[in-house]
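Please read these numbers as outputs of a predicted model, since none were measured by experiment. Chain A is the first sequence line, chain B the second, and so forth, proteins listed ahead of strands; every chain is numbered from 1.
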Amino acid sequence: MKLGQGNKAFDLYVMMQKLGIEANKFVFMCALQICGCEKGASTGRIIHDELIKSGYELDLSIQNTLVDMYAKCGSLAESCSIFSKQQERNIVSWGAMIAGYAAHGVGIEGLETFRRMYQKGFMPNSIIYLSVLKACGSIEALEQGRLLHMEIIRDGMHLDEVVGSAIIDMYLKCGSLLDADTVFEDLAIKDVVSWSAMILGYADQGHGQKALNLYSDMLSEDICPNKLTFLGVLKACWLVGNLRQGLYMHSEVVSQSLDSDLVVANTLIDMYAKCGALNEARHVFDLLSSKDGVSYNSMIQGYVQNEHSLPALDIYSSMRCRGIRPNKVTFPTILKACSNIRALIEARQIHANVITEEFDNDSTIQSAIVDMYAKCGSMVEAINMFERMQSRDIVLWGTIFTGCAQSGDWQLARQYFLKMQGYNLKPDAWVFNSILTACSHAGEVNEGRWYFLSMIHDYRIKPSADHFNCIIDLLGRSGRLDEASDFFQSIPEQLDINGWTALLTSCRSYGNNKLGNECFSEAM
DNA sequence: TTAGGGTTAG
């Protein structure tokens with residue numbers, strides 16, 4: 001088990017049972033640890049039952065291992081239930097519980113458990129500090145992290161390079177790059193972990209160039225990069241848009257035989273796609289023998305970000321054919337692909353997939369569906385989803401109005417304008433722009449005028465060039481060329497090319513060459 | 001029995 005061959009070790013455990021040899025406490029502990037890293041919670045529960053039958057459930061080490069096993073399997077509820085029922089606890093019990101919270105991003109509970117540990121008179125050791133630092137990082141609790149850092153210095157543990165890199169990581173995750181720099185500079189031993197933590201942290205915070213500089217500093221210190229260093233550097237490459245360096249890093253990855261590593265390969269796909277090198281991304285994707293959901297998501301996203309919606313839909317189909325389930329990252333992306341090319345039939349199918357995968361209550365995905373139906377021109381379906389949603393922000397309302405604008409449905413726009421007021425939401429400049437566009441497409445002059453005036457007087461929104469253009473377009477399309485021209489002349493400082501275009505197009509549609517020529521020479 | 005750095009969206 002300690003050599004990482006958990007499955008083989010577990011086979012021995014099964015064989016032992018078949019031979020009728022009773023397990024002792026150490027065998028149970030090993031079996032539980034294998035469940036924590038390989039077998040999962042369902043096997044863990046079976047072992048748990050078996051050890052209860054053998055009378056080991058009151059043993060402190062066994063209880064601690066159970067807390068750890070359930071936490072590692074992601075079942076914090078079961079972990080917490082055992083921990084809270086413990087009659088007696090030692091530092092390991094507290095450590096296992098805090099590590100569980102920290103690993104799953106439940107930082108507040110992690111810190112709270114740490115506080116309770118103190119109250120019960122336990123002094124933290126370096127292992128406990130590592131988990132609490134992780135908990136702080138996971139919730140970006142910078143002030144708590146600083147206090148912890150001071151405590152660690154007081155206990156003299158900051159000189160340990162393992163604790164040191166955990167402190168660096170905490171500061172980076174909390175966004176305090178200066179603190180991370182200071183701690184890193186003071187580290188007596190800078191190893192590949194602390195260097196990589198710095199590189200990854202800077203890249204995560206969006207500082208690509210600094211991450212690349214750190215990487216060359218690291219090389220000049222003769223530290224050999226590993227998998228995690230590459231993850232940071234690859235991210236830095238796309239942040240600064242340096243495809244050439246990305247290609248070079250790819251060759252470095254290959255020279256360390258890390259290109260078959262799933263996480264590295266996924267990062268390569270993402271790096272190439274974000275640099276716009278779709279062929280290279282696809283090459284890595286195709287060569288990857290066992291793709292996971294992230295591989296598919298990264299490839300789909302790469303296509304969508306570069307406006308290649310059809311291949312994105314193809315990858316989505318093959319993802320489903322191979323039984324890889326789309327998730328909360330896949331859906332917003334693939335729905336956007338449908339919107340881009342107005343693929344309503346495919347979009348409906350994907351909406352059905354959202355329901356079967358039980359993501360239909362996710363507000364981000366719901367918003368994406370409203371947007372997709374509106375952009376695909378199916379306002380009935382867009383409204384249907386919109387009405388089902390629990391909470392709607394101004395952007396989502398705007399999506400409905402944009403849909404109305406595209407389909408020229410001024411009556412629907414009016415209905416939702418009134419509805420919005422019922423929710424005490426103030427329409428913004430963008431909403432008015434959409435409503436005016438809807439009126440203009442429908443030739444509703446009076447309606448459009450009313451909104452324009454209401455926007456200025458009731459909502460105190462200063463009209464932009466887009467709003468003026470809508471009005472010119474509205475007047476021009478309905479043949480009121482003189483009115484349009486007068487309106488146009490009254491606001492010369494607001495004119496832009498779209499306004500001139502709207503006016504000239506209307507002159508042409510209505511065969512008014514005289515006005516058209518006048519406008520043209522004025523525009524010139 | 002608890003232990004440092006990990007990929008995809010908006």
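In this structure, A:I350 CD1 and A:I334 CD1 are separated by 5.0 Å, a value rounded to the nearest 0.5 Å.
Nucleic acid contact class of A:V192 (heavy atoms, under 4.0 Å, all strands): base. Across all strands, A:T267 comes closer than 4.0 Å only to sugar-phosphate atoms, never to a base (heavy-atom distances). When heavy atoms are screened at a 4.0 angstrom cut-off, A:T65 is found touching the sugar-phosphate backbone but no base atom. Looking at heavy-atom distances under 4.0 Å, A:L200 makes contact with sugar-phosphate atoms alone, never a base.
Rounded to whole Å, the distance from CD1 on A:I34 to P on B:dT1 is 12 Å. When rounded to the nearest whole Å, the span between CD1 of A:I223 and P of B:dG4 equals 20 Å. The CG atom of A:L172 sits 10 Å away from the C1' atom of B:dG5 (whole-angstrom rounding). Atom pair A:W238:CH2 and B:dT7:C1' shows a separation of 11 Å (rounding to whole Å applied). Distance A:K291 NZ to B:dT7 C1': 16 Å, rounded to the nearest Å. With rounding to whole Å, A:D261 atom CG is found 14 Å from B:dG6 atom P. B:dA3 atom P lies 18 Å from atom OH of A:Y129, rounded to whole Å. To the nearest angstrom, C1' of B:dT1 lies 12 Å from CD1 of A:I128.
Checking B:dG4, B:dG6, B:dT1 against every side-chain atom of A:V92, the shortest atom distance belongs to B:dT1. Here the nucleotide nearest the side chain of A:I127, chosen from B:dA9, B:dT8, B:dA3, is B:dA3. Here B:dT8 is the nucleotide among B:dT8, B:dT1, B:dG4 with the atom lying nearest to any side-chain atom of A:D270. Proximity note for A:K227 (side chain, C-beta onward) versus B:dT8, B:dG5, B:dG6: the nearest is B:dG6. Taking the side chain of A:E161 as heavy atoms from C-beta on, and the options B:dT8, B:dG4, B:dT2, the nearest nucleotide is B:dG4. Of the candidates B:dT1, B:dA9, B:dG10, the closest approach to any side-chain atom of A:T364 belongs to B:dG10. Checking B:dT8, B:dG5, B:dT1 against the side-chain heavy atoms of A:K2 singles out B:dT1 as nearest. Taking every side-chain heavy atom of A:N64 into account, B:dT1 is the closest of B:dT1, B:dT7, B:dT8. Comparing B:dG5, B:dT2, B:dT8 by their closest approach to the side chain of A:N125 singles out B:dT2.
Residues from residues 314-344 of chain A with heavy atoms under 4.0 angstrom of DNA chain B, sorted by number: A:K328, A:V329, A:T333.
Separation of the A:W195 and A:F184 ring centroids falls under the 6.0 Å cut-off. If you look at A:Y373 and A:H351, their ring centroids are closer than 6.0 Å. A distance below 6.0 Å separates the ring centres of A:F285 and A:Y296.
Residue A:K274 places none of its side-chain N or O atoms closer than 4.0 Å to OP1 or OP2 of B:dT7. For the OP1/OP2 pair of B:dG6 and a distance below 4.0 Å, the side-chain nitrogens and oxygens of A:K173 include at least one atom meeting the criterion. The shortest distance between the side-chain N/O atoms of A:K72 and the OP1/OP2 oxygens of B:dA3 is below 4.0 Å.
Screening A:F83, A:F114, A:Y101, A:Y129 for a ring pair (Phe, Tyr, Trp, His ring centres under 6.0 Å) involving A:W94 leaves a single residue, A:F83. Put simply, the residue from A:H149, A:E143, A:Q144 that forms a side-chain hydrogen bond (donor to acceptor under 3.5 Å, both in side chains) with A:R146 is A:E143. Only one option out of A:T333, A:D270, A:N327 pairs with A:N297 in a side-chain hydrogen bond (donor to acceptor under 3.5 Å, both in side chains); it is A:N327.
In terms of modelled atom types and a separation under 3.5 Å, the side chain of A:Q366 and the main chain of A:D360 share a donor-acceptor contact. Formation of a donor-acceptor pair under 3.5 Å by the A:S79 side chain with backbone atoms of A:L76 is not found in this model.
Judged by distance alone, with hydrogens and angles left aside, A:D160 brings no side-chain donor or acceptor close enough to the base of B:dG4 to form a pair under 3.5 Å.
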